[in-house]
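Read through the structure below, which is laid out as structure tokens, and then see the notes.
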Amino acid sequence: QVQVVESGGGLVQAGGSLRLSCAASGRTFSSYAMGWFRQAPGKEREFVAAISWSGSSTYYADSVKGRFTISRDNARNTVFLQMNSLKPEDTAVYYCAAKNIRSATSVYTARKDYDYWGQGTQVTVSS
């Protein structure tokens with residue numbers, strides 16, 4: 001089992017950058033594929049980015065491709081989401097999620113695929 005805790009959210013102007021972190025507890029963090037999702041007020045939680053447990057595979061939603069970068073440091077049990085060129089429509093609560101998986105290269109984009117979720121961190125982008 002793994003617990004995840006997000007941090008790094010905040011208020012930023014449009015065009016700015018933020019780096020979110022997701023710290024995971026548990027001895028087998030490197031066996032977990034990880035993902036970031038977000039939920040804006042009145043909207044469904046949506047996929048943002050995912051990374052395989054080896055870090056060799058990544059996948060992004062079209063809306064963030066080219067602006068966001070997901071990465072991980074298995075030695076520190078941490079996943080990062082670097083967000084550049086932020087837009088007001090990126091405003092949401094961002095959630096980190098973990099999935100226990102044997103495949104080193106698989107990534108997952110559906111909410112139902114993930115086993116563990118953090119409490120979320122608020123990102124607000126002002127225009």
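Relative to the six-membered ring of Y60, K65 misses at least one condition, a distance below 6.0 Å or an angle of at most 45° to the axis.
To the nearest 0.5 Å, atom CD1 of residue I51 and atom OG of residue S106 are 13.0 Å apart. We find the CG-CZ distance between L20 and F80 to be 11.0 Å, quoted to the nearest 0.5 Å. From E6, atom CD reaches atom OG of S21 across 10.5 Å, with rounding to the nearest 0.5 Å. F68 CZ to S63 OG: the interatomic distance, rounded to the nearest 0.5 Å, is 7.5 Å. Between the CG atom in D113 and the NZ atom in K99 there is a gap of 5.5 Å [rounded to 0.5 Å]. The CZ atom of R19 sits 10.0 Å away from the OG atom of S7 when rounded to the nearest 0.5 Å.
In this structure, F37 and Y114 have perpendicular ring planes: the angle between them is above 60°, well past the 30° mark.
Among all heavy-atom pairs drawn from V48 and V64, the shortest one is O-CG2, 3.5 Å. The two residues V107 and S57 come nearest to each other via the heavy atoms CG1-O, 3.5 Å. Between L18 and L86, the closest heavy-atom pair is N-CD1, 3.8 Å. Nearest heavy atoms, V4 versus A24: CG1-CB, 4.0 Å. Here the shortest heavy-atom pairing between Y32 and A98 reads CD2-CB, 3.9 Å. In plain terms, the two heavy atoms of T105 and S56 that are nearest each other are CG2-OG, 3.6 Å.
Remark: the backbone N or O of G9 is paired with a side-chain donor or acceptor of T121 at under 3.5 angstrom. Of the possible donor and acceptor atoms, none in the side chain of N74 sits under 3.5 Å from a partner among the backbone N and O of S54. Using modelled atom types, one side-chain atom of T91 and one backbone atom of V125 make a donor-acceptor pair closer than 3.5 Å.
Y94 is listed as a side-chain neighbour of M83, based on a closest heavy-atom distance under 4.5 Å. Here the side chains of I101 and S31 are not in contact, with every heavy-atom distance at 4.5 Å or above. Contact check for C22 versus W36: side-chain heavy atoms found under the 4.5 Å cut-off. In this structure the side chain of S71 never reaches within 4.5 angstrom of the side chain of Q82, judged on heavy atoms. Side-chain contact between R72 and M34 is present, with at least one heavy-atom pair separated by less than 4.5 Å.
Here salt bridge (Lys or Arg N to Asp or Glu O under 4.0 Å) pairs that include residues 35-60, with residues two or more places apart or in two chains, are R38-E46, R38-D90, E44-R111.
No donor-acceptor contact under 3.5 angstrom links the side chains of T78 and D73, judged on distance only.
Annotation: side-chain hydrogen bond (donor to acceptor under 3.5 Å, both in side chains) contacts of S127 (sequence neighbours excluded): none.
Within a 6.0 Å radius of CD in Q3, no more than 12 heavy atoms belonging to other residues, nucleotides or ligands are found. Heavy atoms from other residues, nucleotides or ligands lying under 6.0 Å from OH of Y59 number 12 at most.
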